[in-house]
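Below is one structure, written out as structure tokens, with a few remarks after it.
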Amino acid sequence: MASFARSAVTAVLGPTNTGKTHLAVERLCAHSSGMMGFPLRLLAREVYERVVALKGRESVALITGEEKICPPQARYFLCTAESMPVTGDYAFVALDEAQLGADPERGHVFTDRLLHARGREETMILGSATVAPLVKALVRDVEIIGRPRFSTLSYAGAKKLSRLPKRSAIVAFSVEEVYTVAEMLRRFRGGAAVVMGALSPRTRNAQVKMFMEGEVDYLVATDAIGMGLNLDVSHVAFASLRKFDGHRIRRLTVSEMAQIAGRAGRHHKDGTFGSLGGEDGAAAFTPEEISAIEEHRFPRVEALYWRDGAPRCDSVETLIADLEARPDRPELRAAPEAVDLAVLKRMAEDPLVMERARGKRQVTRLWAACGLPDFQKLGPDHHARMVARIWRFLSEGNGHIPRDWFAQHLARLDTAQGDIDTLSARIAAVRTWSYVAHRPDWLAHPAEMAERTRALEEKLSDALHAALAQRFVDRRTSVLLRDIGKKAGDLPVHIGSDGEVSIDGEVIGRLDGFRFSVDPDARGEDRRMLLAAAERRLGRILGMKAEELLAAADAAFALETRPGEMPAILWDGNVVAALAAGSSLTAPSVKLDRAMNDLGQDLQKRISERLGAWMTAQKERHLLPLMKMTESASDPAVPAVVRAVFAQLADAGGISPRDDLDSALGHLDKDQRSILRRAGITIGVLDLFHHGLLKPGAALWRMALLSARNGKPMLPLPPAGAVILPAGDRAVEMGARIAGFRAFGAQQLRIDIAERVARASHEAIAKGQPFTAADPQVVSLGVLEPAFLQLMRAAGFRPVTPPAKAEGEGEEAAPQGANWAFRGRRKAKPPEAQKDAHRKGGPRQKDGGPRQKAAPTATGGGNQAFAGLAALLERGG
């Protein structure tokens, strides 16, 4: 078989990263027209975009099996090798990766283009130096130019996955292995892009773009990356050195290793290669292999696979015979049976096919149908059944595939739901229909169907890219790893309205006030990274929040009121400081939240002063009587004995049982008691207090100050406005006591109400009237009889039984159980408000109170009544 050349042929041969493809593109654009053939649709698309940028979209065409962009005025054609229109007239023609002529599956296509694709003015063959002898033997008058590699490729040894440098590509040779490596990179390094031959070009483009733009620092790929894809890879790590080649599992050849490893380094940037795991693992290189790869010394290719590229189509038998013919050159060897030939042989066994495949036109059409690629990897038998169905449509009627049948197959695939494998299978099926749609004479409306298949493939490809990214990319971890070592302004930090903190769009946690909390969904191993990122990035934002706090109005601050929590100061609902014991009850210590430790001493001091000013305003608003008590306790103008009472009462928070102060009160004369009364202090039968400290705001602040001094959590407080409460658990009763309530059996009364009842009893008894639980004042409050009896006993009264009436005298005797009344006092003192009245009338007991006359018999019982409660509350309790 003789080779020939219509023009000057130049073979530019050498290792990867020698600029061969770049040179060919320059030569293409220097001619009036041209065509280049590539091994991958993805590579053809990449160069297409480069030429479009130079020559304009209307002058450039892209032709692949599943995609055709052919403007009417196109002069430059970028194609896959199988789609090169070799019969055209082009000033320049180039074939990339010519060494693929030695590939058992596709080699015969590259060999045919090597022998027959010629440009009118210039032809260029690109490839590895290993095919130099064959090119020289097969192509007449060829000029071979060797090109050295721009950068150095060196062996970097075996590395664990966690130790791989950034911008690394990990090469595996099975889908399972690719997935496993990508999953591990997601856990340890934030994820990886995935590139496999089974992915659609659009998905591969999206994955490569993710790697090229730095969203991830790692790429996991099959040997598809060895076919001239321009990637910014610094290191190539082999997960394995064995692959299944369609027939058996074998070790990669040194040339294949070098082709893949050569992706490391770009232009003048050096690259490295190595294995994944230990030196003795499955991916371990031998010293001879390392030396050969570094020095670019590879065994030369002994022969190229050949098959007649222009077989006769007079009959099916003649066609098969030509396709099975053997070459007559020692540099060529017969190609193994390809899928298209296997399908043709199976079709030839069908009588109906043979009946219709008569004449050159029909045989040519049958051979075109057999050329439908097996994108789904169904195998010759299954794929042949599909081709047979298509052939029947092409060989009957108007020779077109029915539009409805075609559309139904597309409709079945039109869903973006499913996992990675499901989406990949759908895309492979869509690529089959896309190939069919781009045959100009197979459909009645090929342009419409081609657009539909393109849109569907893009839809599924986008879904597949999203699924890959979701499974194999933890963008938050990736962002945090890129964040390490960068300046604070390099990656944008955003605080959402709800406090959500994100770096470069990835949520890392929440900022509540000055407290940062890690995203609860974060994995355990990521939490430390998230905290470190927050520490590096939030300093400026915390400073801004501090300035906001300093400028905030008093209304923005509040006191922490939750029972069981220590008292604290809130700003916009978030804790910014805690209260602790200070020099006195009314002067607690304000301790800033630990989240403010990094703000700087000056800023912390200003915040402390601002919170202190707010507290002072709150104390003056709610605790003014207590503040005045504290001042009086140290006022030299106040008698010492009175100062002692002020001091004890202030230390108790302005409310104290009378028993605790009886000793100090015993030393006061009339004028000294007047000083207490003028200060608003009520000296009651049971308690000493100031009415202003019974208000809800005062109760809250008294609770907080006592809690801070004692180092104990806040207790539950009674509802605002309550004057009587049911008894509760110990914590509830203690909280009510601090708020100004006293417990009487199953009820708790506010101390001013208890004093009112005690005062009413004094007035009634002083007038000689009975005072029982049925008294309107008692009933209107809702005080139950047991609580009433306990209150009266606590106030110092004792019950008496009225004498029985003479027989026939007056009314009937009172019912049993309704004869309770009170007379005399054993130790109770009258309320200060009534003391002068007691002094004006009657002889006095030793304790200063008036002697009581015997009370008349009580009538009526202690029935519960609530009717008068609302009126009592309206009068202020």
Side-chain angles (χ1 to χ4, degrees), residues 657-659 661-662 665-666 668-671 673-674 676-677 681-689 691 723 742 744 749-803 805 810-811 814 818-863 865 868 871-872 875-877:
R658 176 161 179 162
D659 290 346
L661 294 174
D662 256 347
L665 291 174
L668 304 182
D669 58 23
K670 175 182 177 182
D671 293 335
R673 287 173 178 263
S674 296
L676 294 176
R677 288 200 303 273
I681 296 173
T682 297
I683 305 176
V685 175
L686 302 175
D687 297 281
L688 268 69
F689 58 93
H691 277 278
V723 296
R742 261 187 179 271
F744 299 101
L749 270 68
R750 203 170 68 195
I751 55 177
D752 60 332
I753 301 301
E755 292 296 337
R756 184 183 299 178
V757 174
R759 186 168 64 244
S761 71
H762 276 280
E763 293 172 351
I765 294 172
K767 295 176 182 178
Q769 298 174 355
F771 195 78
T772 69
D775 187 271
Q777 289 195 50
V778 178
V779 172
S780 66
L781 290 172
V783 180
L784 302 179
E785 184 174 12
F788 170 75
L789 297 178
Q790 285 202 19
L791 188 159
M792 298 309 293
R793 290 192 183 99
F797 295 95
R798 56 188 177 83
V800 296
T801 303
K805 292 185 179 182
E811 299 174 1
N819 57 350
W820 284 94
F822 291 87
R823 65 178 301 172
R825 290 182 295 109
R826 287 175 294 176
K827 64 176 182 177
K829 302 174 178 61
E832 286 298 313
Q834 301 295 324
K835 195 165 186 178
D836 292 341
H838 284 297
R839 287 196 180 107
K840 292 179 181 177
R844 300 185 178 280
Q845 296 179 347
K846 293 182 181 180
D847 62 3
R851 290 197 181 97
Q852 305 296 326
K853 297 179 181 180
T857 303
T859 59
N863 298 328
L872 180 63
R875 295 195 301 270

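If you're wondering where the values come from, they're calculated on a predicted model, not measured in any experiment.
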**Report entry** Test side-chain contact (heavy atoms from CB on, under 4.5 Å) applied to Val783 and Leu749, step by step
**Finding:** CA-CA 8 Å; Val783 180; Leu749 270 68; 3.9 Å; yes

Query raised in the report: Would Phe788 and Asp775 count as a side-chain contact (heavy atoms from CB on, under 4.5 Å) if you check the C-alpha gap in whole Å, the side-chain angles of each, and the deciding distance to 0.1 Å?
Result: CA-CA 11 Å; Phe788 170 75; Asp775 187 271; over 6 Å; no

Report task. Show your reasoning for whether side-chain contact (heavy atoms from CB on, under 4.5 Å) applies to Leu668 and Arg673. Result -> CA-CA 6 Å; Leu668 304 182; Arg673 287 173 178 263; 4.0 Å; yes

Requested in this report: Quick one: do Arg658 and Val685 satisfy side-chain contact (heavy atoms from CB on, under 4.5 Å)? Show the steps, please.
Outcome: CA-CA 7 Å; Arg658 176 161 179 162; Val685 175; 5.8 Å; no

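Residues passing the ring-ring contact (aromatic ring centres under 6.0 Å, His included) test with Phe744: none are found, sequence neighbours excluded. Residues passing the side chain to side chain contact (heavy atoms under 4.5 Å, CB included) test with Asp671 are Asp669, sequence neighbours excluded. Considering only residues two or more places apart in sequence or on other chains, Pro786 meets the side chain to side chain contact (heavy atoms under 4.5 Å, CB included) condition with Leu784.
Closest heavy-atom contact between Pro770 and Ala764: O-CB, 4.3 Å. Taking every heavy atom of both residues into account, Thr772 and Val778 meet most closely at O-CG2, 4.0 Å.
To the nearest 0.5 Å, the span separating OG on Ser761 from CD on Gln777 amounts to 9.5 Å. A distance of 12.0 Å separates CD of Gln790 from CD of Glu785, quoted to the nearest 0.5 Å.
Using a 4.0 Å cut-off between charged side-chain N and carboxylate O, Arg756 and Asp752 make no salt bridge.
Panel note: side chain Thr682, backbone Gly684; no donor-acceptor pair is recorded below 3.5 Å. Of the possible donor and acceptor atoms, one in the side chain of Glu755 sits under 3.5 Å from a partner among the backbone N and O of Asp687. One N or O on the side chain of Arg742 and one on the backbone of Leu686 form a donor-acceptor pair closer than 3.5 Å.
Within the 4.5 Å cutoff, side-chain heavy atoms of Met792 are placed close to those of Phe771.
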